[in-house]
Amino acid sequence: MRARTPAAGGRGKGIKMQHMKTCRKKITLALLAASAFGCAFSAPREVPLKDALRGRFLVGAALNEAQVSGPDRRAAELAMREFNTVVAENCMKAASIHPEENRYNFGPADAFVEFGRKGRMKIIGHTLIWHSQLPEWFCVDSEGRNVSAQTLKKRMRDHIRTVMGRYRGAVKGWDVVNEAIEWDGSWRKSKFYEILGEEFLYLAFRYAREADPSAELYYNDYGMDGKAKRERVVEIIKNLKSRGLRIDAVGMQSHMGMGHPDIGEFEKSIEAFAAAGVKVMITEWDMSVLPFVASGAEISTNAAYREELNPYAESLPAEMSGKWNARMADFFRLFLKHSDKITRVTAWGVSDGDSWLNNWPVRGRTDYPLLFDRNLERKPFLNEVLGAKR
Ligand code: G3I
């Protein structure tokens, strides 16, 4: 368990300032060395986020295939510099990694894991059991009928064992089950639930524990600020523990807008999950500035494009940028306040142009939801809260 600095303002502030001085000294020495050898070395203007947040929580982003093994070198360099944790945005989902019952597609996931290893980052696997991005074959037979409980259990176990087994020791934590609970606290009527009932979730955690006893195991969902979902997830945590099953943390995806979630309700959920005996992770953080169409992250949601839904197609007006940064700063301060409970903050993409929100729930919009803008510049709220300028 990593040593934790107390909340800002206590001894932690002294540690943080000392740490920042050390970082600055390192960068200064590097600059002197580079200038002595005439290297063109342009040090970033800010202390990397991972250094500014050391001792508080890990910080990172979801990465796509273009970043880990393709053309998007600038985003890859930013990730290496700023982050100490990464998660696979898509390449480890069942539809991608296990497209047919007897065929796996490990190439993109291997590249993602190699990227994380090179950067000496905490690598997160997303996601083993999810109703979405599920290959056709997983829960039905060749006639399209639901398979038996026994068959589904075998398929789940084989999938989890094969995927986790391949990355044992490299992937440090897994979203074992994603989005199993509805807004009203009821169980999502997925194929997994139809065939196995609530048991599917507990079986998934059992199979994951068997597959890699060293890996951390998480339950991940959106809308976790909601009272009904919060209470159901607390019940799930307690049930897992009462069955002697491992759960290390819950992932609060944290897909936000300018009007949701309520920060007070969000804080109640952080405290409720921690009180249930698990850590909390902010796993898919983004905040849309665009006109509200749908909250949460139900990927199947979509709405027709209308000009009025895409008001900032060319740029974000300063006034709106100010409001967005202020709201992000409020949540970031909340995360720092609870850094004894929160062990990771992950943004759902590296920079604004990468965000799924440019195409959800309306395709073809321009959103500004992440920690870095389209020029890969850090959003102002981060330095405002961290004071991480050199
Ligand atoms: O890779 C194929 C490409 O070959 C094909 O030409 C193209 C045709 O549309 O599709 C590409 O796959 C797309 C994939 O993203 C990679 O870009 C899928 O259609 C598209 O559905 C998929 O969307 C992802 C979505 O999950 C569904 O898996 C988003 O990028 C991703 O940001 C989003 O992330 C989810 C989390 O996993 C769970 N929480 C909610 C979050 C947002 O929905």
Side-chain angles (χ1 to χ4, degrees), residues 60-72 75 79 85-100 105-109 111-112 123-136 138 163 171 173-183 188 190 192 204 218-226 229 233 249-257 260-261 281-288 290 293-303 344-365 367-372:
L63 300 184
N64 62 41
E65 292 181 38
Q67 292 159 347
V68 299
S69 57
D72 195 352
T85 180
V86 284
V87 63
E89 182 174 14
N90 288 301
C91 66
M92 287 186 161
K93 293 169 180 174
S96 172
I97 204 167
H98 194 181
E100 295 160 29
N105 170 35
F106 286 123
F112 162 73
I123 302 167
I124 308 297
H126 170 83
T127 177
L128 294 167
I129 299 297
W130 187 27
H131 67 280
S132 183
Q133 265 36 61
L134 192 65
E136 286 296 318
F138 209 109
V163 175
V171 173
W174 286 93
D175 289 338
V176 176
V177 174
N178 191 42
E179 303 173 9
I181 305 300
E182 299 286 8
W183 288 106
R188 181 188 296 271
S190 67
F192 294 107
Y218 320 131
Y219 173 73
N220 190 52
D221 209 332
Y222 60 79
M224 296 273 261
D225 53 288
K229 191 174 279 200
V233 172
V250 292
M252 300 178 72
Q253 290 183 11
S254 309
H255 295 292
M256 302 180 177
H260 69 276
M281 295 178 164
I282 307 300
T283 52
E284 305 184 13
W285 195 22
D286 50 31
M287 183 181 290
S288 176
L290 298 180
V293 176
S295 54
E298 187 50 58
I299 193 65
S300 57
T301 306
N302 61 67
R344 170 166 66 97
V345 173
T346 294
W348 201 245
V350 173
S351 66
D352 290 343
D354 300 320
S355 177
W356 69 296
L357 289 170
N358 292 312
N359 291 300
W360 183 92
V362 180
R363 296 193 71 77
R365 297 203 291 176
D367 210 338
Y368 304 81
L370 293 170
L371 306 188
F372 292 84

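Order of appearance sets the numbers: ligands from 1, and atoms from 1 within every ligand. We use all heavy atoms of the structure for the numbers below, so side chains are in, but hydrogens, waters and symmetry mates are not.
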Might you point out which heavy atoms bring [X] and [Y] nearest each other, and give the distance in Å?
{"X": "Ser355", "Y": "Leu370", "answer": "CB-CD1, 3.9 Å"}
{"X": "Pro369", "Y": "Asp352", "answer": "N-OD1, 3.3 Å"}
{"X": "Gly251", "Y": "Met224", "answer": "O-CE, 3.6 Å"}
{"X": "Trp348", "Y": "Ala88", "answer": "CH2-O, 4.2 Å"}

Between ligand 1 and the protein, which N/O pairs are shorter than 3.5 Å?
residue  : atom   : partner : partner atom : Å
ligand 1 : 26 (O) : Lys93   : NZ           : 2.9
ligand 1 : 28 (O) : Asn90   : OD1          : 3.4
ligand 1 : 28 (O) : Lys93   : NZ           : 2.9
ligand 1 : 28 (O) : Gln133  : OE1          : 3.0
ligand 1 : 30 (O) : Glu89   : OE2          : 3.4
ligand 1 : 30 (O) : Asn90   : ND2          : 3.1
ligand 1 : 32 (O) : Glu89   : OE2          : 2.6
ligand 1 : 32 (O) : Trp348  : NE1          : 2.9
ligand 1 : 34 (O) : Trp348  : NE1          : 3.1
ligand 1 : 37 (O) : Lys93   : NZ           : 2.7
ligand 1 : 37 (O) : His126  : NE2          : 2.7
ligand 1 : 39 (N) : Glu179  : OE2          : 2.9
ligand 1 : 39 (N) : Gln253  : OE1          : 3.1
ligand 1 : 39 (N) : Gln253  : NE2          : 3.3
ligand 1 : 39 (N) : Glu284  : OE1          : 2.7
ligand 1 : 39 (N) : Glu284  : OE2          : 3.4

Residues forming a ring-ring contact (aromatic ring centres under 6.0 Å, His included) with His260, sequence neighbours excluded: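 Partners of His260 under the ring-ring contact (aromatic ring centres under 6.0 Å, His included) test: Phe292.
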Test item: side-chain donor near acceptor, Gln67 and Asp354, under 3.5 Å: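 There is such a pair between these side chains.
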